Amino acid sequence: MAVPILNYVALASVMFFIGVIGVIVRRNPLVMLMSIELIFNAANLLFIAFSRLWLQNAGHIFAFLVITVAAAEAAIGLAIVVTTFRDEKHVDVDEARALHG
Amino acid sequence: MIAFWVLAVVLLGSAVWTVSAQKPVYSVVALLLNFATLAVFYLTLSAEFLAVIQIIVYSGAILILFVFVIALLSSGVGPFSIGPDRMPKIGVPAAIVVLAALGALVYAVSSVPHAVAPATPPAGTADAFGSVADFGKALFTVQLLPFEVTALILMVAVIGVITLGGEQMQRVTPPRLQARTDRAMREAIVRAGDD
């Protein structure tokens, strides 16, 4: 590793928190889903960086698993967005309060 | 090292663009740049198979799904809610929390004494580390369980999407079938009571 692992940790954590801020601040569910993808990818970057550090490919396998989870999450999340839009004709998570109680 | 900083700037810049873009389509474009940069990162970390997977699955499948949904929703009358509306309320606390957490994380990692990484791959991995052959062997032998879990997750996703998407399908059971089902259920209950 030419680059110290600490650089990857800092980079991935910054990217993670950018994703977290996106989820907190934005109201468009599509952008929120994309921010969640950013979070997944920050985790993946760490998996692969540490995998390279220790020369163990278990991290690669779990990055693969995370990619699968991200794909499933995007599919279901977008299906929910489309369903909500079809019923309520708007795309705003603050307006969707059918389960609010 | 220079390549790392250039890539890091592109990565974080595209991440910020993703979160802050006013139109979701620009977010998708920024996310595409982000994923491509990550794929280059994976190549530099000798994870060549995952770099390809990153391009194919993320840029090829997930982002196209996003683009389709945006196109679908934009064609109607409903406007997107634009802009980070909640930013004024939450921006400052969020920034403080982020900086504190970031500092704690970097401090924690830097205070751990760095163990020496093994210079050679462990025994049994004859192929080059991170190559497709290496990855595939691990996937089908040592790490078989995560691979099977992957299949399960994908099946759950498919069932969930069908359930959500098929919402407006006709759910009415034909009366004759309903009667037969009721009778069968009653007989089953009677039989269970006899035992």
Side-chain angles (χ1 to χ4, degrees), chain A residues 1-3 5-7 9-11 13-15 17-22 24-28 30-31 33-35 37-38 41 44-45 48-49 51-58 60-65 67-76 78-83 85 89-92, chain B residues 1 4 8 11-12 15-16 18-19 24 27 31 34-35 38 41-42 45-47 50 53 57 61-62 65-66 69-70 72-73 77-78 80-81 84-87 90 94 98 101-102 105-106 109-110 117-118 121 129-130 134-135 138-139 143 146 149-150 153-154 156-157 160-161 164-165 167:
Chain A
M1 299 255 301
V3 182
I5 190 70
L6 197 59
N7 290 16
V9 174
L11 182 65
S13 47
V14 170
M15 193 168 140
F17 282 115
I18 290 173
V20 169
I21 290 174
I24 292 174
V25 168
R26 296 305 299 263
R27 297 167 61 208
N28 189 326
L30 292 169
V31 181
L33 281 174
M34 287 185 232
S35 305
E37 301 292 334
L38 281 182
N41 276 292
N44 260 353
L45 180 61
I48 289 171
S51 186
R52 174 70 184 80
L53 178 70
W54 296 104
L55 290 177
Q56 300 273 343
N57 59 12
H60 290 187
I61 308 285
F62 276 87
F64 181 69
L65 187 69
I67 289 178
T68 312
V69 170
E73 174 264 344
I76 293 180
L78 289 173
I80 291 174
V81 170
V82 171
T83 311
F85 182 80
K89 298 291 170 217
H90 59 70
V91 184
D92 187 340
Chain B
M1 198 69 190
F4 175 87
L11 191 74
L12 294 183
V16 170
T18 304
V19 169
S27 288
L31 206 56
N34 192 292
F35 290 163
L38 265 178
F41 261 118
Y42 294 169
L45 289 166
S46 63
L50 280 170
I53 286 293
V57 173
I62 296 181
L65 204 57
F66 273 106
V69 169
I70 289 170
L72 183 66
L73 299 191
V77 286
F80 281 109
S81 64
D85 269 359
R86 285 183 276 190
M87 187 65 110
I90 210 159
V98 165
L102 199 60
L105 196 66
V106 172
V109 171
S110 62
F129 170 76
D134 183 37
F135 183 89
L139 192 64
Q143 311 283 356
V149 171
T150 301
I153 290 170
L154 285 178
V156 168
V161 170
L164 283 169
E167 197 72 43

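Here is the naming used below: chain letters follow the sequence lines, and residue numbers restart at 1 for every chain. All values reported here derive from a predicted model rather than from experimental measurement.
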- Message: Ignoring hydrogens, what is the shortest heavy-atom contact between B:Leu12 and A:Met15? Give both atom names and the distance.
- Response: CD2-N, 4.0 Å
- Query: Taking side chain as C-beta onward, heavy atoms only, is A:Leu30 less than 4.5 Å from B:Ser27?
  - Reply: no
- Taking all non-hydrogen atoms of both residues into account, name the closest pair between A:Val3 and B:Phe4 and its distance. CG1-CD1, 3.7 Å
- Task: Go through the atoms of B:Ala61 and report whether side chain, backbone, both or neither lie under 4.5 Å from a heavy atom of chain A.
- Result: neither
- Query: Side chain, backbone, both or neither: which part of B:Phe41 has a non-hydrogen atom closer than 4.5 Å to chain A?
  - Reply: side chain
- Of A:Ile48, A:Val82, A:Leu65, A:Leu33, the largest count of non-hydrogen pairs under 4.5 angstrom with chain B goes to A:Ile48
- Item | Shortest non-hydrogen separation from A:Ala74 to B:Phe66 and the atoms involved | CB-CE1, 4.5 Å
- Query: Out of curiosity, A:Glu73 CD to B:Ile62 CD1, how far, rounded to the nearest 0.5 Å?
  - Reply: 8.0 Å
- Item | Engaged part of A:Ser35 at the chain B interface, taking heavy atoms whose separation is under 4.5 Å | side chain
- Taken to the nearest 0.5 Å, the spacing of B:Gln143 CD from A:Asn57 CG works out to 7.0 Å
- Non-hydrogen atoms of chain A under 4.5 Å away: do they reach the side chain of B:Val16, the backbone, both or neither? both
- Any side-chain heavy atom of B:Val69 within less than 4.5 Å of one from A:Phe85? no
- Non-hydrogen atoms of A:Ile76 and B:Ala157 that approach each other most closely: CD1-CA, 3.8 Å
- If you tally heavy-atom pairs under 4.5 Å against chain B, which of A:Val69, A:Leu45, A:Val9, A:Ile80 wins? A:Leu45
- Task: Can you tell which part of B:Leu65 gets under 4.5 Å to a heavy atom of chain A, answering side chain, backbone, both or neither?
- Result: both
- Task: Taking all non-hydrogen atoms of both residues into account, name the closest pair between B:Leu50 and A:Ala63 and its distance.
- Result: CD1-CB, 3.8 Å
- Task: Determine whether A:Glu37 and B:Asn34 make a side-chain contact, defined as any pair of heavy atoms from C-beta on separated by less than 4.5 Å.
- Result: no
- Which heavy-atom pair separates B:Leu45 from A:Arg52 by the least distance, and what is that distance? O-CD, 3.3 Å
- Message: Taking side chain as everything from C-beta outward and backbone as N, CA, C, O, which of these in B:Phe135 sits under 4.5 Å from a heavy atom of chain A? Side chain, backbone, both or neither.
- Response: both
- Task: Under the side chain to side chain donor-acceptor pair (under 3.5 Å) rule, collect the residues that match up with A:Asn44, sequence neighbours excluded.
- Result: none
- Query: Considering only heavy atoms from C-beta outward, does the side chain of B:Leu31 approach that of A:Leu38 to under 4.5 Å?
  - Reply: yes
- Note on the structure: Answer key: most heavy-atom pairs under 4.5 Å with chain B among A:Ile67, A:Asn41, A:Val31 is A:Asn41
